[in-house]
Every structure is written in C-alpha cells, then in structure tokens.
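First comes the structure, then the notes that go with it.
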Amino acid sequence: MKKTAQLARQMIKAIGCANGLAGRQLGCENAVEVIKASPYFTNVQQRIPLEWGKIIEEVNTGRHASALSGVTQTCRQLAHETRQVIENKDELLVFGGDHSCAIGTWSGVATAMRPHGDIGLIWVDAHMDAHTPDTSDTGNIHGMPVAHLLGFGDKNLVKIGDRMPKLLPHNLCMVGIRDYESAEQELLERLGVRIFYANEVEKRGIQDVMQEAQYLVTRNTIGYGLSIDLDGFDVSYAPAVGTPSADGINALEFIKALLTIDLTKLIATEIVEFLPRFDDNQRTSEQLVSSLVEYIYKTKQFQINSVNEIAARVNKSETIQKVSQAM
Ligand SMILES: NC(=[NH2+])NCCC[C@H](N)C(=O)O
C-alpha cells in the first residue's frame, strides 16, 4: 500500500506567529492574540481537540529590505516549532502573521517529513508571493515566500531547516490568483507550477478546482499542506486584509469544497494575513478564520474515522475467512 501521512495524529497543536513587519500594512502581528481571545474560536475549540503551543514574537530589524534579517530569525524559530509538532505526530495549525511566516512553517514541515517523502502544498491566495529580493518592487517579504520555498532568493531564507528546496514545483498548486507581477509569474510558469487563476476558479467552480489541486499535490508526495491567505477570498467574506483584491473566492463555496476533498493526507494548515483592525462590526473575518478551522478539522477527523472503520471491517472479514478456511 502507498505510504501516506495519515499517521494517527490526535491533538491539533496551534502555533502562533505574531509577525507583521514584512507586510504592506502593519497589523497582522495582532492576529494571533485576537484569534486566541475570539469567542467564535473558543466555541470551535470546544468541538475539536485543539491545544495552543508556542506563540512566536517577531524579531524587528526594520521594514521592507531591512526586514530580511528579522524575518530570517523569526522563520527559523517558527520552523523549529513546526518541525517539532510534526515529529511529535500532532496535527499542525499555524496562525500568522503576514505571509512571510510561510517560509518558517513549511521549512519545518518539509524537514520533518523529509525522511518519509516530499510534501505538497495548496496555496490559496490572490497573490503569487513568488518574488525574490531582486525582483520585488516593494521589498515586502510577504510577497516572496513561494520563491524561497522553491529554493530561489535569499540564501539564508532558502536554507532554513534542511538544505534542500522545501517544495518541488510539480507538488505545488496555487488557487485563486489574480494580482501579480510579471517577474513572479515568469518564475512560476517556467518551473511548471500549476496556477489556478481566479478566472479558471470562476469558470469551473472552486470545488472542481480544489479536487484537481488535491490530486496534484498528493500524486508524488507523502501528504500536503494548506496555506490560506485570507485575501484569496472575496472581501465580502474577509474584509480584514492589508492587500485586498477584488473578485475573490466565495468562502462558503470554498468550505463546501473542502468537505469533498481527501483531507486524510493533510499534514498541516496555515492561515495568514488576518489584519484585525480592518475587520467589520460583525467580525466577519474573525468568524471566517474560526469556521475554516472547524470545517477542516471536523471533516478530517470524520474521514479518518471512516477509513479506520472500513479497515477494521476488512480485517475482521479476513480473519473470519481464515478461520473458516482452517476449519
Ligand atoms: N502576502 C501578500 N499579501 N502578498 C502581497 C504581495 C503584493 C505584491 N506583489 C508585492 O510583492 O508587494
């Protein structure tokens, strides 16, 4: 049987990364404390086995290009944590922070999984986040994590965790993309990364797209991760972001789509770019973050229970067969 990452992961460990200096606007550094105190999230916590682990505070060496050294130190700490959670065989859930934290999250996960195989990643976002320091106009490192995970860009960021690229291009899918610059598009297209642009999502529906993405990221891997940038969704579902982009994914359709994909091979989830001070009076974005966690992990648990139950029945009938053959 093909090996999968469906190890008996029981506890969901939530790791926080309170970083925001690599974003266009400050404020994502407050997301973790807001989620932790959120009544919506507290409700969710009563329905799934979730425990908070470490909250990493970012190292401040300045903004834009001067943030590089700080981001490197922050991501190193985060990678250390995520690696440990995976090696302890817990479920991993990371709350950012701006999206530069993805370098830490997935470097740790890839390093922990390396002895078993490569990891896949579904990147849900309005942006490609695939600049290197050389191609970025803004110098904001939240626009660069994908390039670094693929092994391009700043040497120190690229070698967090082990020395290998953390992701291979054919194991990465990007979903909902609609706001990008040509240098990052050229890099990803040249490498053959599968990009489901927003117009393809619009045409086919998010369910169809997520099903294909899940197939692609599990085809050659031990399991996959989900990196969810809130700005991938339409602003009516996620107003609290620093780099909004019109015509995003319908969040309700996305949650419904999640119920139809195989989550048993999901190794870790990351939710980023929540900028609490931009939320509306209904706290729409805070509610979305809570719902995403609830549906992902309830569905995953349900799917694993079903698989286990079927396996137990097969075992039982094989035993019965053996006994009756022996008689
Ligand atoms: N994680 C994000 N919100 N990224 C937005 C990046 C925007 C733009 N492409 C830049 O590099 O500055």
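The first residue in the sequence is number 1, and the count goes up from there. Whatever order the structure lists them in is the order used to number ligands and atoms, beginning at 1.
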Pair F196 and W123, ring centroids less than 6.0 Å apart:
no
Exercise answer: donor-acceptor pairs, residues 28-37 side-chain atoms, under 3.5 Å, sequence neighbours excluded:
{"unit_1": "E29", "atom_1": "OE1", "unit_2": "G27", "atom_2": "N", "d": "2.8"}
{"unit_1": "E29", "atom_1": "OE2", "unit_2": "G27", "atom_2": "N", "d": "3.3"}

Could you go through the side-chain hydrogen bond (donor to acceptor under 3.5 Å, both in side chains) check for Q185 and Y197 one step at a time?
CA-CA 11 Å; Q185 183 182 35; Y197 290 96; 3.0 Å; yes
Excluding sequence neighbours, so at least two apart, what forms side chain to side chain donor-acceptor pair (under 3.5 Å) with K13?
E51
R277 side-chain N/O to L26 backbone N/O, donor-acceptor pair under 3.5 Å:
yes
Which atom pairs, donor and acceptor, lie under 3.5 Å between side-chain atoms of residues 202-210 and protein residues at least two apart or in another chain?
{"unit_1": "R204", "atom_1": "NE", "unit_2": "D208", "atom_2": "OD2", "d": "3.2"}
{"unit_1": "R204", "atom_1": "NH1", "unit_2": "E200", "atom_2": "OE2", "d": "2.6"}
{"unit_1": "R204", "atom_1": "NH1", "unit_2": "E212", "atom_2": "OE1", "d": "2.8"}
{"unit_1": "R204", "atom_1": "NH2", "unit_2": "D208", "atom_2": "OD2", "d": "3.4"}
{"unit_1": "R204", "atom_1": "NH2", "unit_2": "E212", "atom_2": "OE1", "d": "2.8"}

Exactly which residues line ligand 1, taking a heavy atom under 4.0 Å from it as the test?
R24, H99, H127, D129, H131, T138, H142, G143, E181, E184, D229, D231, T243, E273
